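Here the structure comes first, spelled out in structure tokens, and everything after it is commentary.
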Amino acid sequence: LKREVDRRTGELMRTRSRLKRLGEIDSLTELANRHLYAQALEEDIHLMRRAEGVMSLVLINIDHFKAFNDHYGHEVGDIAIKGVARVIRNIITRKTDLAARFSGEEFVLLLPLTDAEGARRLGEKIRQEVEDLSIKHEFSVVSDVLTVSVGAACLQAVELNKADLIRLPGVAMHRAKNRGRNQVCVYEEESGGKMPDEGVSLAR
């Protein structure tokens, strides 16, 4: 099984390199764009099913970013987005992983062969390092500096499907926001994996 996982991981790395050469990179953040993310999601699910591996998906959302943009201006907002993206890029270094900008202030991580605890640790590291940037945010009710909320979920090979891998991190993100933001919530850690579906889309 280990040899098979290693072989599939090699395929994943080669596929990722090929996709990146297509130039599907977000120009502001230099992360993958939404189109590349969608392609990689399909490929990762397919490979992890065949390799009988686990896979995590992590959402990262900048807290109260509309208020930040409205008061400081879009140019400063872009600088803040680039700062968050730089944190993500410096932390997500495995060639098998993918970090993408999903929407204006939302990012998504695809983490093959990463369990729920691994996703939580990565999310917490990103959350802490964004806070440590100390980007002033006087109009946030969370903190006086820019912060992020993180939602994550992990599925086993037999459970892997696109709908749940997208939906469940959104549910976890919604819980993180309801609890006050600037924190990490992992779906599997919530009520034994029975967190209610609160209708949160990935684009929220």
Side-chain angles (χ1 to χ4, degrees), residues 9-10 12-41 43-44 48 54-65 68-69 72 74-137 140 142-154 165 169 172-173 176 181-186 202:
T9 299
L12 181 63
M13 291 170 62
R14 289 191 293 273
T15 300
R16 187 78 81 236
S17 296
R18 185 176 71 252
L19 289 173
K20 284 185 176 180
R21 286 197 297 271
L22 297 178
E24 294 172 322
I25 303 299
D26 178 69
S27 59
L28 179 65
T29 64
E30 299 181 3
L31 299 176
N33 64 18
R34 187 166 174 168
H35 180 63
L36 177 54
Y37 151 75
Q39 292 184 4
L41 176 63
E43 182 71 15
D44 288 357
M48 288 302 97
V54 298
M55 181 173 170
S56 292
L57 190 147
V58 177
L59 299 179
I60 303 160
N61 189 272
I62 301 177
D63 294 323
H64 300 295
F65 187 71
F68 186 93
N69 247 358
Y72 297 116
H74 291 286
E75 185 175 346
V76 176
D78 285 351
I79 293 171
I81 288 173
K82 286 194 286 188
V84 174
R86 185 167 58 251
V87 166
I88 294 171
R89 195 166 54 246
N90 289 341
I91 290 173
I92 305 302
T93 57
R94 290 195 317 178
K95 292 183 179 180
T96 53
D97 296 339
L98 183 79
R101 185 185 183 194
F102 187 81
S103 64
E105 71 273 20
E106 188 164 59
F107 304 86
V108 59
L109 312 178
L110 297 181
L111 307 173
L113 300 175
T114 300
D115 62 14
E117 177 58 23
R120 186 199 65 76
R121 287 197 304 267
L122 281 173
E124 176 58 28
K125 186 172 178 60
I126 290 169
R127 187 208 64 77
Q128 184 63 61
E129 292 200 13
V130 169
E131 190 171 31
D132 289 345
L133 291 174
S134 298
I135 298 172
K136 187 177 181 180
H137 191 349
S140 170
V142 178
S143 172
D144 58 357
V145 297
L146 197 74
T147 60
V148 295
S149 296
V150 182
C154 176
L165 199 58
M173 170 67 77
R181 304 180 189 245
N182 190 25
Q183 59 187 275
V184 179
C185 280
V186 179
L202 188 61

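Computed from a predicted structure; not experimentally measured. Starting from 1, each residue takes its place in the sequence as its number.
If you take CD on Gln39 and CD on Glu24, they are separated by 4.5 Å, rounding to the nearest 0.5 Å. Put simply, CG on Leu110 and CG on Leu57 are 5.5 Å apart, with the number rounded to the nearest 0.5 Å.
Take Arg86 and apply the salt bridge (Lys or Arg N to Asp or Glu O under 4.0 Å) test, not counting sequence neighbours, and it matches no residue. Every residue meeting the ring pair (Phe, Tyr, Trp, His ring centres under 6.0 Å) condition with Tyr72, not counting sequence neighbours, appears here in chain and number order: Phe68, Phe139. Remark: Lys82 engages Leu28 in a side chain to side chain contact (heavy atoms under 4.5 Å, CB included) (not counting sequence neighbours). Ser56 pairs by the side chain to side chain donor-acceptor pair (under 3.5 Å) definition with nothing, not counting sequence neighbours. Remark: Leu122 engages Ile91, Ile92, Leu111 in a side chain to side chain contact (heavy atoms under 4.5 Å, CB included) (not counting sequence neighbours). Considering only residues two or more places apart in sequence or on other chains, Thr29 meets the side chain to side chain donor-acceptor pair (under 3.5 Å) condition with Asp26. Arg89 is linked by a salt bridge (Lys or Arg N to Asp or Glu O under 4.0 Å) to nothing, counting only residues two or more places apart in sequence or in another chain.
A 4.5 Å side-chain heavy-atom check between Asp44 and Leu165 finds every atom pair outside the cut-off. Considering only heavy atoms from C-beta on, Leu109 comes within 4.5 Å of Ile60 through its side chain. The closest side-chain heavy-atom distance from Leu59 to Val108 is below 4.5 Å. For the pair Asn69/Glu105, no side-chain contact is recorded, criterion being any heavy-atom separation below 4.5 Å from C-beta on. Contact annotation: the side chain of Met48 never approaches that of Val54 to less than 4.5 Å [non-hydrogen atoms, C-beta and beyond]. In this structure, Cys185 and Val150 have side chains that are not in contact, with every pair of non-hydrogen atoms separated by 4.5 Å or more.
Side-chain atoms of Asn61 and Ser149 include no donor-acceptor pair closer than 3.5 Å.
Screening residues 125-135 for side chain to side chain donor-acceptor pair (under 3.5 Å), with sequence neighbours left out, gives Glu124-Arg127, Lys125-Glu129, Arg127-Glu131, Arg127-Asn182, Gln128-Asp132, Glu131-Asn182.
Listed for the His64 side chain is no donor-acceptor partner under 3.5 Å among the backbone atoms of His137. Arg181 places no side-chain N or O within 3.5 Å of a backbone atom of Thr147 that could act as its donor or acceptor partner.
The two residues Ala85 and Leu31 make their nearest non-hydrogen contact at CB-CD1, 3.9 Å.
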